[in-house]
Amino acid sequence: MKVTCCVVTAFLLALSARAADEVIALKAARLFDGKSNALVQNAVVIVEGDKIVDVGSNPQIPTSARLIDLGEVTLCPGFMDAHTHLTDDYSGNYNERRLREIDLNVSEQAIRATVFARVTVEAGFTTVRDLGSRFVASHEFVDVALRNSINKGLIVGPRMLVATKGIGATGGHFDPTNGFRDSLFGREPDYTDGIANGPDEIRKAVRFEVKNGADVIKAAVSGGVLSLIDEVDTPQFTPAEIAALVDESHRSRKKVAVHCHGDQVAREAIEAGVDSIEHGSFMKPETLAMMKKKGTFLTPRSWRPNGVRISFGTDAAVFPHGQNAKEFKVMVDLGMNPLEALKSATGNAAQLLGISQKLGTLEKGKLADVVAVPGDPTVDITATEHVSFVMKEGKVIRQGPREAQNTENTASPDLAAPAD
Ligand SMILES: [Zn+2]
């Protein structure tokens, strides 16, 4: 009797779980599927629970479905930004930002980050790869906490793949004490801050980050713009250090993204097998050719026609969060085909992030991350800046005007500004 009871209870539970899976039919004038070279007209996406169960031009709409007719819009896969810093805000005045960095306590920074997460997903970016989160003289993993809180449904935000602290050399671009008076923060940063020197210490730093929740490993192999002491194109890791970084990360099945401006160290990083070069500002044509051959992704802040695999990445935090889509126009203005620009933030980005089995395209069986942009983005790419509907894993996050705004800094992004 007891067994029968359990069986009946399990059956009823399964039945109620099925009943909770509402069927939604999204109807729109057209659709971009994330990989094709043409749009689908008179598009319908049918969503059941968190998944897409049918998609195409005029498919059969189940009678039980709740119809959401979005009208004169183009449905796209949820956009992905492969380079954000959702826990930070580097926009505005440099000196004010630097003061804020040591002034705000980390809990306050974490609360601000929930606002940044919300404006990002409301702008249509349902997935981000968050490439570095650190607070000088603090060991908090705010990006991990933000990711987990979003996954648990406590707050609204994009799906996050986080890098934790970003690994770099003493005095390098990622050294949080770079440019401050010696001993101001009481001690020299070490591998627990992401600062590591020599192959063994770099392996230790990777292991420490994986232990603390990193989904992806980020390292600065060259200097950067927003750090005071180092020159932007100087190599900051030796080939042996980069080899250790890549080997240790890949052993843990983590991809490696490297902040890299200079050409010499870009070549060394590509050779060592990094998965993506972030920025790549000074790369020579022969280095780009090498990258193309190896299949290494480039996440540029300003795209150049070079034939390498491009993933959309904005470095959001360098400009106000939620304005990620402005990068599409930058890409198109530089000569990229609008459909290729859209692919860089959907199908291609999903490949770089290692999530293309589940996301990046509007196909049967994929998770239902769907956004709508007004009109036709292949005619006017700035339509992506006016996302009117956002669905993440089958849940409608926004339909109509945006509610939350990043009120702290409403300045236009300086898209000509160099990345970090
Ligand atoms: Zn960055």
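No experiment lies behind these values; they were computed from the predicted model shown.
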Measure the shortest side-chain to side-chain distance between [X] and [Y] over non-hydrogen atoms and say whether it is less than 4.5 angstrom.
X      : Y      : value
Asp193 : Phe174 : no
Asp54  : Val44  : no
Val396 : Val390 : no
Phe297 : Ile277 : no
Leu146 : Ile155 : yes
Glu271 : Met290 : yes
Arg147 : Asn151 : yes
Thr192 : Lys165 : no

Exercise. Between Thr296 and Val308, is a side-chain contact (heavy atoms from CB on, under 4.5 Å) present by the stated rule, with each step listed?
Worked result: CA-CA 8 Å; Thr296 317; Val308 302; over 6 Å; no
When you check the side-chain N and O atoms of [X] and [Y], is any donor under 3.5 Å from an acceptor?
X      : Y      : result
Thr170 : Asn197 : yes
Asp33  : Ser36  : yes
Asn178 : His173 : no
Arg100 : Gln109 : no
Thr299 : Glu278 : yes
His250 : Asp275 : yes
Thr361 : Lys366 : yes
Asp81  : Thr314 : yes
His85  : Asp315 : yes
Asn58  : Lys27  : no

Per the side chain to side chain contact (heavy atoms under 4.5 Å, CB included) rule, which among [options] passes with [X]?
X      : options                    : result
His83  : Val128, Leu131, Asp130     : Leu131
Val370 : Leu31, Thr126, Leu75       : Leu75
Met391 : Leu26, Asp50, Ile68, Val45 : Leu26

Exercise. For Leu245 and Ile202, what are the C-alpha separation, side-chain angles and deciding distance, and is it a side-chain contact (heavy atoms from CB on, under 4.5 Å)?
Worked result: CA-CA 6 Å; Leu245 171 83; Ile202 285 168; 3.8 Å; yes
Problem set entry | Test side-chain hydrogen bond (donor to acceptor under 3.5 Å, both in side chains) applied to Thr287 and Asp263, step by step | CA-CA 7 Å; Thr287 310; Asp263 183 71; 2.6 Å; yes
For this session: Mind running side-chain hydrogen bond (donor to acceptor under 3.5 Å, both in side chains) on Glu140 and Ser138 for me, showing each step along the way?
Result: CA-CA 6 Å; Glu140 296 302 317; Ser138 161; 4.9 Å; no
Problem set entry | Salt-bridge criterion met for Arg251 and Asp247 (N-O under 4.0 Å) | yes
Exercise. Should the pair Glu363-Lys35 be classified as a salt bridge under the 4.0 Å nitrogen-to-oxygen rule?
Worked result: yes
For this session: Apply side-chain contact (heavy atoms from CB on, under 4.5 Å) to the pair Ile355 and Thr127, showing each step before the final yes or no.
Result: CA-CA 10 Å; Ile355 53 175; Thr127 306; 3.9 Å; yes
Problem set entry | Residues forming a ring pair (Phe, Tyr, Trp, His ring centres under 6.0 Å) with Phe208, sequence neighbours excluded | Tyr191
Once you round to the nearest 0.5 Å, how far does [atom1] of [X] lie from [atom2] of [Y]?
X      : Y      : atom1 : atom2 : value
Ile242 : Ile270 : CD1   : CD1   : 10.0 Å
Thr384 : Leu342 : OG1   : CG    : 7.0 Å
Arg118 : Ile150 : CZ    : CD1   : 11.0 Å
Ile381 : Lys326 : CD1   : NZ    : 14.0 Å
Thr87  : Arg134 : OG1   : CZ    : 10.5 Å
Leu288 : Asn306 : CG    : CG    : 5.0 Å

Shortest non-hydrogen contact from [X] toward [Y]:
X      : Y      : value
Cys260 : Val265 : SG-CG1, 3.6 Å
Pro158 : Lys392 : C-NZ, 3.9 Å
Gly394 : Val47  : CA-CG1, 3.9 Å
Leu161 : Asp215 : CA-OD2, 3.3 Å
Val162 : Gly213 : CG2-O, 3.8 Å

Exercise. So Ser276 and Leu298, side-chain contact (heavy atoms from CB on, under 4.5 Å) or not? Walk me through it.
Worked result: CA-CA 6 Å; Ser276 66; Leu298 175 64; over 6 Å; no
How about [X]: does its [atom1] atom have over 12 heavy atoms from other parts shown lying under 6.0 Å from it?
X      : atom1 : value
Gln351 : CD    : yes
Lys358 : NZ    : no
Gln41  : CD    : yes

Problem set entry | Arg98/Glu101 under salt bridge (Lys or Arg N to Asp or Glu O under 4.0 Å): CA gap, chis, key distance, verdict | CA-CA 5 Å; Arg98 206 164 155 82; Glu101 212 173 286; 5.8 Å; no
Seminar exercise, completed: Hits for side chain to side chain donor-acceptor pair (under 3.5 Å) against Glu72, two or more places apart or cross-chain, chain-then-number order -> Arg30
For the backbone of [Y] and the side chain of [X], can you confirm whether one donor and one acceptor N or O come within less than 3.5 Å of each other?
X      : Y      : answer
Lys343 : Pro338 : no
Arg398 : Gly400 : yes
Ser222 : His261 : yes
Asn348 : Ser311 : no

Problem set entry | Of all pairs that satisfy ring-ring contact (aromatic ring centres under 6.0 Å, His included), the ones with a partner from residues 324-370, not counting sequence neighbours | Phe79-Phe328, Phe312-Phe328
For this session: Before giving the answer on salt bridge (Lys or Arg N to Asp or Glu O under 4.0 Å), spell out for Asp369 and Arg159 the whole-Å C-alpha distance, their side-chain angles and the decisive distance to 0.1 Å.
Result: CA-CA 10 Å; Asp369 277 22; Arg159 176 182 303 100; 2.7 Å; yes
